[in-house]
Amino acid sequence: MSLAALHSLPAIYQWREFVTAGGLMSYGPSINDAYHQAGINAGRILKGAKPTDIPVVQPTRFYLVINRKTASKLGVALSPSLLALADEVIE
């Protein structure tokens, strides 16, 4: 993120945490959900399941998070319809 900020480039990230740290926007799954699923799989393995028998679980929910403060710093105009679609707008 620091390289994009250094050169004043708008960037889209995968995780929400980058946006809370000053990134422009993110679109991706929740990192908390990914860690939760990893914990479930670890629990299954500890209970004796073979790792090859555990199915791969793909994320089903993706979140759009926008940082308006960063957008104004970069001079990026955000349409009201894009802001309405966002799951979270950080002021």
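- Residues Leu82 and Met25 meet the side-chain proximity criterion, which asks for heavy atoms closer than 4.5 Å.
- Among residues at least two apart or in separate chains, side-chain hydrogen bond (donor to acceptor under 3.5 Å, both in side chains) pairs with a member in residues 28-39 are Gln37-Asn41.
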Checking side chain to side chain contact (heavy atoms under 4.5 Å, CB included) for the pair Arg61/Asp87: CA distance, chi angles, key distance, verdict? CA-CA 11 Å; Arg61 176 81 169 100; Asp87 294 294; 2.9 Å; yes
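- Expressed to the nearest 0.5 Å, how far NZ of Lys69 lies from CD1 of Ile90 amounts to 11.0 Å.
- Interatomic distance, Glu91 CD to Asn67 CG, rounded to the nearest 0.5 Å: 9.0 Å.
- Taken together through direct or relayed side-chain contacts under 4.5 Å among Ile, Leu, Val, Met, Phe, Trp and Tyr, Tyr27 and Leu83 form part of one hydrophobic cluster.
- There is a path of hydrophobic side-chain contacts, each under 4.5 Å, that joins Val89 to Phe62.
- Two residues are said to be in side-chain contact when any heavy atoms from C-beta on lie closer than 4.5 Å; Gln14 and Pro29 meet this criterion.
- Remark: Tyr63 pairs with no residue by the ring pair (Phe, Tyr, Trp, His ring centres under 6.0 Å) rule, at least two apart or across chains.
- Minimum interatomic distance between Pro10 and Leu24 (heavy atoms only, all atoms of both residues): CB-CD2, 3.5 Å.
- The side-chain hydrogen bond (donor to acceptor under 3.5 Å, both in side chains) pairs that include a residue from residues 15-26 are Arg16-Glu88, where partners are two or more places apart or lie in different chains.
- Under a hydrophobic-cluster definition in which Ile, Leu, Val, Met, Phe, Trp and Tyr are linked whenever side-chain heavy atoms come within less than 4.5 Å, directly or via other members, Val57 and Ile54 are assigned to different clusters.
- Residues Val19 and Thr70 form no side-chain contact, since every pair of their non-hydrogen atoms from C-beta on lies 4.5 Å or further apart.
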